[in-house]
Amino acid sequence: MPPLDVRRIEEEVRRYWRERRIPVKWRTPGGGRLFSFLEGPPTTNGYPHVGHLRGRLYKDFVLRYHRMLGYDVWAQGGWDEQGLPVEVEVEKKLGVRTKREIYERFGLERFVEECNRLVDHYLEYWKKYATELIGLWLDLENAYETRRGRYVEYVWYVIKRAWERGLLYEGYRVLPFCPRCETALSDAEVDMGYEERESPSIYVKLRVEGGSGEHLLVWTTTPWTLVDNEAVAVHPEAEYCLADVGGERWYVAKDLAERVMGELGLQSWRCVEVRRGVELRGLRYEHPLAEEVPLHAEHRESHKVLDAEFVSLEEGTGLVHIAPGHGPEDFELGVRYGLPVTSTVDVDGTFDERAGLFKGLSVNEASKLVVDVLSRKGLLVKSGKVVHRYPHCWRCGTPLVYRADRQWFIAMSLLREDLLRALDSVEVFPRVHRNRFESWLANVKDWTISRSRIWGTPLPIWRCSDDSSKILVIGSIEELKRYASKIPDVDEDRLVHRPWIDEVEIGTPDCSRWVREPFVVDVWLDSGVAWIASVDGLRNGELFERLFPYTFVTEAVDQTRGWFYSLIATSVVDRGVAPYRQILVQGHVLDKFGRKMSKHLGNVVYAEEAIKRFGVDPLRLYLLSRYPPGDSFMFDPEEVRRLSTGALNIVWNVFRFAAMYMDLDGFSPGVHRLSDYLGRLSVEDEWILSRVNSVMAELADLMSRYEINRAVQLVVDFAVEDLSRTYLKLVRPRVWSEVSDDRFVVYSTLYYVLKRLLKLLAPVVPHVAEALWIHFVRHFEPEEESVHLTRFDGVDEGMRKPQLEESFGTAMRVVGMLASLRNRMGLKTRWPVREAVVVAEEGVLRQLEPLKDVVSRLANAKRVVLATDPSACRSGDYESAQEGGVAVCLPRGIDRDLYMEALAREIVRRIQVMRKEMDLGVAEFIEVAVESDSEDVVAAVRDLRDYIAGEVRASEVRVGEPWEGCFVKTWDVEGATVRIGVRRSQGSGRAGP
RNA sequence: GGGCCCGUAGCUUAGCCUGGUUAGAGCGCCCGGCUGAUAACCGGGAGGUCCGGGGUUCGAAUCCCCGCGGGCCCA
């Protein structure tokens with residue numbers, strides 16, 4: 001086996017999988033129980049980064065794990081292809097800024113084709129870098145795509161179901177709009193886009209009618225909304241000051257007066273009168289923009305003080321300017337008091353002709369002009385700036401504008417109980433996220449499903465042109481065709497999109513001409529129906545019934561209000577139950593400083609770059625093991641190598657070690673069976689066999705809670721700590737020894753452990769595990785085609801020895817203490833000691849008794865003495881250390897025999913180095929000559945010639961001058977000069993197969 | 001304004017639910033060792049007012065309360 005070269009191995013393994021169609025075989029049902037996974041479809045815009053990879057690796061890990069547990073896995077891919085993000089990018093590409101331009105310069109047909117083309121572009125990229133290369137074995141051939149006719153139909157289906165249940169309605173409502181994208185956004189979308197922003201902050205006084213000199217002082221951060229101001233609200237219970245300010249009198253909330261006046265820079269003011277909010281009710285004021293906006297002349301009746309509970313006494317003046325067309329609370333108040341709902345702002349964020357002076361201005365421009373006008377009229381008290389959190393468009397970053405408009409809704413608020421009941425049957429990991437989801441559902445608002453856009457599922461609602469109260473909702477393509485009197489000659493995928501859908505002419509007996517509502521559907525409804533649309537569930541009922549509800553879905557935390565919600569919402573609308581059993585909520589990936597990854601900061605690590613830089617499996621190991629799935633992940637490129645490559649190297653070399661010797665000795669698992677050697681196991685064999693089975697049991701426990709990082713750490717730690725550092729270190733001499741066939745006991749033990757280990761590693765590092773399977777397991781058992789087509793072996797309870805594992809832990813602690821003590825004494829591990837004494841209580845000693853030999857080997861002590869009596873090594877001849885009730889001691893002096901042995905080992909080590917430098921194979925024999933000015937060294941070589949020869953695989957070790965032309969090096973050994981010569985001998989290697 | 005989460009070594013963190021060895025790792029730093037799988041690795045050391053304060057308790061990183069600081073969500 002060659003050294004580990006991750007990239008080459010991944011390349012080779014990918015080819016192997018492709019040629020043998022392993023992923024297809026992996027997905028083929030084998031009659032087991034079904035683990036049905038529903039892919040949260042990535043949106044096909046933008047390039048995948050490590051955050052996407054993290055999520056996709058959890059999917060992959062969980063699928064592979066369950067496949068190896070014996071489940072059949074349903075692993076269909078899926079893509080979310082429609083919606084604003086795509087449009088935004090196409091607009092950029094085409095160089096257009098408004099919808100009008102799209103219509104006029106390009107036409108919808110061309111625009112939609114461009115959208116399709118862009119989707120195709122990203123699709124290829126996501127398939128390669130976020131799926132195939134990372135080893136995610138989703139079925140991409142049969143992936144669902146939200147732009148397809150057969151998919152869009154299900155969005156229609158659910159909307160029709162809502163209609164049938166009386167949940168679909170249209171309404172006039174104040175909603176957040178993105179003026180750039182010219183469409184309304186849903187609550188969930190608004191939630192995604194809160195950002196810090198600097199806004200104007202102005203104080204305005206409104207003249208109370210009657211020339212009394214009284215004013216209402218109001219504060220706002222959106223001066224433009226004053227254009228549509230219709231009233232002022234006060235809190236009914238609050239107390240208000242009528243403050244005398246240099247002759248004028250202003251109303252301001254008593255509790256806020258001090259702060260407000262301070263901010264306005266007014267020192268000499270006083271409260272001349274205090275009145276409760278309710279007493280101000282009905283006070284009329286002159287509209288501040290009455291002259292500039294003519295329509296307010298007709299609204300004079302409304303311009304007065306109202307009372308409202310929502311008025312804040314924490315900020316502002318305690319008097320709130322009310323624009324029913326621009327604030328949800330204002331709107332409700334307006335409805336309650338019959339105020340005109342004035343919204344002179346268009347969907348693109350500009351004022352229309354009703355806005356008088358402000359006509360044609362954007363809201364920002366209007367804000368500036370409002371400030372100027374008020375200033376000129378002497379109504380502006382103060383104009384400043386404030387930084388606050390304000391909602392922005394989640395796709396394009398434009399600050400949102402609240403305005404009233406007509407939209408279509410699904411009355412989710414009526415289904416709160418149903419949603420909560422549905423959630424009862426769902427397990428949420430990690431648990432804390434359940435509460436959040438629950439409170440979201442408990443307070444869920446009606447879902448605004450209409451969007452004034454182009455590239456999306458057309459809203460399947462038609463209105464009768466003769467009688468606007470008549471509504472027709474169409475739930476399938478078949479139904480559409482049934483009603484259609486004329487239909488464009490295009491394929492289904494096009495037919496269900498603008499502009500083609502609007503070329504369909506529909507007439508029915510009760511209405512001669514139906515006109516479609518000019519909206520598309522919120523994309524969250526697209527992905528939301530994936531539970532049924534992904535498999536064309538109405539036509540594939542049998543398959544669908546088996547999959548539904550899906551066993552498992554996982555996405556990042558923001559999807560609680562996104563996809564997790566839209567899935568359960570649509571499923572509850574249609575059938576009243578949750579579409580999934582388990583959801584795993586993932587945290588986000590941040591940069592190494594804990595900052596969000598963003599193009600703006602330039603700290604995004606893209607998938608392609610990461611894969612090329614680190615290789616897939618090191619990246620997988622890192623992303624899967626570093627943090628709990630639910631936590632934020634601070635991605636530090638330095639750590640990938642540190643944590644992953646090192647561990648993978650060790651794992652790889654464990655197999656190299658095993659392969660080398662097993663091969664050399666002609667080991668064959670079919671012939672040298674572990675079952676035949678069970679009676680001859682050494683204690684470390686029993687221990688490692690127990691450990692591997694315990695690890696499998698612990699793994700199952702961790703995975704039952706989706707503690708993926710700990711599960712992965714567990715397996716890797718086993719490989720690195722237990723297997724490599726401890727077990728292999730212990731059995732090395734047994735493998736080298738040719739005096740008995742004890743090494744076959746080691747091999748058969750190792751083979752058992754390694755094969756199990758590979759299966760445990762397969763879901764974590766599928767490429768490396770497969771390469772090892774090919775090079776190692778298949779070398780002995782060629783019929784085992786792929787580790788990924790195997791099942792985990794059950795836990796072999798008979799192998800488990802919890803007490804031994806505990807004792808071993810104690811022994812390792814003692815070994816560590818001895819190493820520490822040696823360190824302090826300046827005594828190299830290479831130098832043998834006569835004895836190591838362990839003083840501890842009875843129970844600990846009982847644990848250590850069977851492990852004395854293990855301790856003596858690892859501590860390089862001739863013998864291990866166990867004692868309960870502290871005086872055992874209290875004499876001046878010993879040095880001791882103690883820790884947690886256990887003491888260890890080592891003798892200070894060294895006698896001549898041990899000294900000779902130490903010198904011999906020093907020589908051995910140097911010869912080993914030389915062997916390595918000569919690049920000799922492990923089985924090759926050498927001849928050695930040692931020459932020194934030290935009599936001790938000469939004596940050690942002479943006396944321990946056989947020992948040295950055995951250690952370095954020499955056919956001859958002699959004292960004297962090295963041979964002519966052989967490899968010679970001069971060393972310093974304990975102050976003595978030693979010349980060592982090494983040459984290849986004629987002796988044969990160990991007998992091979 | 002309300003809710004949830006978090007604060008442990010220079011950095012990243014385990015432990016907290018279920019109170020009880022001397023709070024455990026990894027990285028970095030310093031020292032040493034090992035090397036017939038390993039361009040590897042191993043061991044040791046220094047480094048902690050477990051955010052602060054109060055309470056419960058024989059005993060608190062852990063449970064409770066109050067602050068402070070940070071994050072997320074809702075309004």
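Throughout, a chain's letter reflects where its sequence line sits, starting with A, and its residues are numbered from 1. The model shown is predicted, which means the values in this text are computed figures rather than measured ones.
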Using 30° and 60° as the class boundaries, would you call the ring planes of A:Tyr565 and A:Trp447 parallel, tilted or perpendicular? tilted
B:U57 and B:A14: how far apart are their P atoms, nearest whole angstrom? 32 Å
Pick out which of A:Phe780, A:Tyr661, A:Phe776 makes a ring pair (Phe, Tyr, Trp, His ring centres under 6.0 Å) with A:Phe667. A:Phe780
Between A:Val908 and A:Asn443, which residue's closest nucleotide on RNA chain B lies nearer the 5′ terminus? A:Val908
Could you state the atom-to-atom distance from CH2 of A:Trp831 to C1' of B:C34 in whole Å? 16 Å
Between CZ of A:Arg431 and C1' of B:C5 the distance, given in whole Å, is 15 Å
With a 3.5 Å limit on both atom pairs, tell me what B:G45 is paired to, counting Watson-Crick and G-U wobble, or say none. B:C29
Is any side-chain N or O of A:Lys729 closer than 4.0 Å to OP1 or OP2 of B:G36? no
Just to be sure I understand the rule, does A:Ser439 reach a base, reach only the sugar-phosphate, or reach nothing, if contact means heavy atoms closer than 4.0 Å? nothing
Looking at A:Tyr627, does any N or O in its side chain come under 4.0 Å of the phosphate oxygens OP1/OP2 on B:U13? yes
What distance, rounded to whole Å, do you find between the two P atoms, one in B:U62 and one in B:U56? 15 Å
Nearest heavy-atom contact between A:Ala308 and A:Leu333 is CB-CD1, 3.7 Å
How long is the line joining CH2 of A:Trp440 and C1' of B:G3, in whole Å? 15 Å
Counting only heavy atoms from other residues, nucleotides and ligands, does the tally under 6.0 Å from CG of A:Asp255 exceed 12? no
Upstream residue (5' side of RNA chain B) when A:Leu728 and A:Asp631 are each assigned their closest nucleotide: A:Asp631
Considering Watson-Crick and G-U wobble pairs with both distances under 3.5 Å, what does B:A14 pair with? none
Rounded distance in Å between the C1' positions of B:U21 and B:G36: 42 Å
C1' spacing across the pair B:C34 / B:A23, given as an integer number of angstrom: 31 Å
Which base, if any, makes a Watson-Crick or G-U wobble pair with B:G1, both distances under 3.5 Å? B:C74
If you check every side-chain atom of A:Val432, which of B:A37, B:C5, B:U12 has the closest atom? B:C5
Could you tell me how far B:C11 sits from B:G48 if I compare only their P atoms? Round to whole Å. 13 Å
When the distance from CZ of A:Arg561 to P of B:C73 is rounded to whole Å, what number comes out? 8 Å
Restricting to non-hydrogen atoms, name the atom on A:Ile948 and the atom on A:Val941 that form the minimum distance, rounded to 0.1 Å. CD1-CA, 4.0 Å
Does any donor-acceptor pair link the side chain of A:Arg436 with the base of B:C4 at a separation under 3.5 Å? yes
B:G26 P sits how many Å from A:Ile650 CD1, rounded? 13 Å
C1' spacing across the pair B:G10 / B:G28, given as an integer number of angstrom: 8 Å
I'd like the P distance from B:C64 over to B:G19, given in whole Å. 12 Å
Indicate the atoms forming the closest heavy-atom contact of A:Ile9 with A:Leu4, along with that distance. CD1-CD1, 3.3 Å
Taking atom types as they are modelled, would you say the side chain of A:Arg710 forms a donor-acceptor pair with the base of B:U13 within the 3.5 Å cutoff? no
If you check every side-chain atom of A:Arg909, which of B:A75, B:U35, B:A37 has the closest atom? B:U35
Counting heavy atoms not belonging to A:Arg431, are there more than 12 under 6.0 Å from its CZ? no
In whole angstroms, the gap separating C1' of B:G10 from CZ of A:Phe593 amounts to 14 Å
Applying the Watson-Crick and G-U wobble criteria at under 3.5 Å, what pairs with B:G52? Answer none if nothing qualifies. B:C66
Would you kindly give the CZ-to-P distance between A:Arg434 and B:C72, to the nearest whole Å? 25 Å
Determine the interatomic distance between P on B:A39 and the same-named atom on B:U49; round to the nearest Å. 41 Å
Can you measure A:Tyr747 atom OH to B:A37 atom P for me and round it to whole angstrom units? 11 Å
